[in-house]
Amino acid sequence: MEKGTGFMDRWILLCDLDAFFAAVEVLDQPHLKGKPVIVGGMGPRGVVATCSYEARAAGVHSAMSTAKARELCPQGVFLPPRPQRYREKSQEVFAIFRRFALMIEPRSIDEAYLEVDGDGPEMAKAIQEAVVRETGLSLAIGGGANKVVAKIASQLAKPGGIFWIPQEKAAEILAPLPAGMLPGVGPKTEALLRKEGYATIGDLQKASRERLQALLGERAGQSLWEKAAGQGPEFLDAPVPPKSVSVEETFPFDIPYSQVPSELRKLSRQLAKRLQGRRVKGHTLALKIRFPSFQTLTRQTASPQGLQDEEEIFSLARRLFEIHMVRGQYPRRVRLLGLRVNQLKKDEGKGRQLTFFPLLRPDDPFAGALPEESRGEGFPP
DNA sequence: TCTGGGGTCCTAGGACCC
DNA sequence: TCTGGGGTCCTAGGACCC
Ligand SMILES: [Mg+2]
Ligand SMILES: [Mg+2]
């Protein structure tokens, strides 16, 4: 099935690879097939990034500490993430998407919205078969008239299925699902809604728009009210250039203040390299500190000049730390340090031009950033 | 056994300008 | 004459996404 050209029905698909990191590890080491495979941090503070369905059967899930996962699943195969390898497979899959779709909007390393026309469910089937045949990966596809129903459908399609939500049945299909399945409703909002008597999407459908606005604010309430009814964006977003670049590290053991400068030095170096690699400069620098209590704060400062240089970043970072921490009554150890540069602008300065990034066109807002590759597979906090 | 890393968007108050 | 309103920049925090 090829891309359509005529004036036919348009559909939105949400294509999401199942247990992506673990699935890639199984592909590369076939003897792992059928075993509980757990990909995540190996250190004392590591957490599970993704695990195979065999591991899920043992109670393991994303965001769980690796130590807990070992306890639940001692026979599991524990592996550190290999981001480069996952990016490669992701690119293979997205290339297939591009053959079928009129347009694609990558959302993460393992997920993208597709716009297709013609027979939507048939198109989904063709895409899924091509991905399975050509990459060996399992893909779930949700489809419908807009992003909201496609996203929810994809959750219902997992693993490896296709779920279609016809718009005339959208409200009915959504009604029994928990409110937290709506995109944009996370743990906090879900708890608030539940407390107010809105446990399911159906409960929200019965609420007035004004009521939801009173609970969540004018904009968020309006948006939630629409989503509950199965309404959402019917078009994909054009790519947007990245707005920030950050690095952070949770230390295996809390470090004393005396060690902070040398850690900031390392983070500054990493951040500078990323900025230079992407050929962007930033305008503000933010320092993030998490204390042993998990209390977290950020301190930010604007810079008159474009931030890209390691020394520039390091001296600002150290100053932010000293100004706000040295005299503060905070505990004198830290669990995490992070640096983020905001308000990126393309570095128009000296240096090789596009030859360094032959894939990029001048108008490509992804220039040097390729955000769909830069994010890992995630999980809630 | 406490809780990763890389992002986006929204809110809100004060400064500053008109 | 006791108090306007909009716009933008800046900073801090929080919710959410994968
Ligand atoms: Mg996935
Ligand atoms: Mg996903």
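Atoms considered below: every heavy atom in the structure, side chains included; atoms not considered: hydrogens, waters and symmetry mates. Chain letters run A, B, ... following the sequence lines, proteins first and then strands; every chain starts at 1. No experiment lies behind these values; they were computed from the predicted model shown.
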Within the structure, does a side-chain N or O atom of A/R45 lie under 4.0 Å from either OP1 or OP2 of B/dC2?
no
What contact category does A/K68 fall into here, base, sugar-phosphate, or nothing, at under 4.0 angstrom with non-hydrogen atoms?
base
Rounding to an integer number of Å, can you tell me how far A/L224 CG sits from B/dC9 P?
20 Å
Does a side-chain N or O from A/T66 land closer than 4.0 Å to OP1 or OP2 of B/dT1, or not?
no
Figure out the OH/P separation between A/Y86 and C/dC18, and round it to whole Å.
19 Å
Hydrophobic cluster membership, A/M181 vs A/I12, 4.5 Å side-chain cutoff:
no
Mind checking A/G41 for me? I need base, sugar-phosphate or nothing, with any heavy atom below 4.0 Å counting as a touch.
nothing
Would you say the side-chain atoms of A/S62 pair up with the backbone N or O of A/A49, donor to acceptor, closer than 3.5 Å?
yes
Between A/P292 and A/K243, the residue closer to the 5' end of DNA chain B by nearest nucleotide is A/P292
I want to verify a distance call: between B/dT1, B/dT8, B/dG5, whose nearest atom is closest to the A/E71 side chain?
B/dT1
Does A/E249 reach a base, just sugar-phosphate, or nothing at all? Heavy atoms under 4.0 Å.
sugar-phosphate
Minimal heavy-atom distance between A/R333 and A/P292, with the atoms involved, is O-CD, 3.2 Å
Measure CD/A/E263 against C1'/B/dG5 and give the value in whole Å, please.
16 Å
Touch class at under 4.0 angstrom, heavy-atom based, for A/K288 against every strand present:
nothing
Evaluate the ring planes of A/W11 and A/W164, with Trp represented by its six-membered ring, and classify them as parallel (under 30°), tilted (30 to 60°) or perpendicular (over 60°).
perpendicular
Mark up nucleotides 11-17 of chain B, 5' to 3', with B wherever a protein heavy atom is under 4.0 angstrom from a base atom, S wherever such an atom reaches only the sugar-phosphate, and - elsewhere.
S------
Judged by modelled atom types alone, do A/Q222 and A/E226 share a side-chain donor-acceptor pair under 3.5 Å?
yes
Write down the distance between CZ (A/R87) and C1' (B/dG6), rounded to a whole number of angstrom.
11 Å
Just how far, in rounded Å, is C1' of B/dT8 from OH of A/Y113?
14 Å
Among B/dT8, C/dC10, C/dC18, which nucleotide has an atom closest to any side-chain atom of A/A302?
C/dC10
Please work out if A/T296 contacts a base, only the sugar-phosphate, or nothing of the nucleic acid, heavy-atom cut-off 4.0 Å.
nothing
Going by chain and number, the hydrophobic cluster around A/L336 (ILVMFWY, side chain to side chain under 4.5 Å) further includes none
Out of curiosity, does A/L275 fall in the hydrophobic cluster containing A/L337 (side-chain heavy atoms, cut-off under 4.5 Å, transitive links)?
yes
Rounded off to whole Å, could you give me the CD-to-P distance for the A/Q343 and B/dG7 pair?
16 Å
Looking at A/V39, A/I109, A/V93, which one forms a side chain to side chain contact (heavy atoms under 4.5 Å, CB included) with A/F20?
A/I109
Whether the A/Q205 and A/Y198 side chains hold a donor-acceptor pair (N or O, under 3.5 Å, no angle test) is what I'd like checked.
no
Would you say A/R335 places a side-chain N or O within less than 4.0 Å of OP1 or OP2 belonging to B/dT3?
yes
What is the nucleic acid contact for A/R274, judged by heavy atoms within less than 4.0 Å: base, sugar-phosphate only, or nothing?
sugar-phosphate
In terms of base orientation, is C/dC2 syn or anti, with the syn window spanning 90° either side of 0?
anti
When the distance from CZ of A/F253 to P of B/dT1 is rounded to whole Å, what number comes out?
14 Å
So what does A/T250 hit on the nucleic acid, given a heavy-atom distance under 4.0 Å: a base, only sugar-phosphate, or nothing?
sugar-phosphate
Taking C/dC16 as the reference, what is the distance to B/dC2 when you measure between their P atoms (whole Å, please)?
27 Å
Which nucleotide in the list B/dG5, B/dG6, C/dC18 gets nearest to the side chain of A/S246?
B/dG6
Using a 3.5 Å limit for the pairing distances, which stems of at least 3 consecutive Watson-Crick or G-U wobble pairs does DNA chain B take part in?
B:5-18 with C:5-18
Base, sugar-phosphate, or nothing for A/R299, non-hydrogen atoms under 4.0 angstrom?
sugar-phosphate
Distance under 6.0 Å and angle within 45° of ring axis: A/R98 vs A/F94
no
From C-beta outward on A/V247, which listed nucleotide comes closest to its side chain: B/dG6, B/dT1, B/dG7?
B/dG6
To the nearest angstrom, the CD1-P distance between A/I109 and B/dG5 comes to 17 Å
Is NZ or CZ of A/R56 both nearer than 6.0 Å to the six-membered ring centre of A/Y53 and within 45° of the ring axis?
yes
From the candidates C/dC10, C/dC18, B/dG5, the one with an atom nearest any side-chain atom of A/L336 is B/dG5
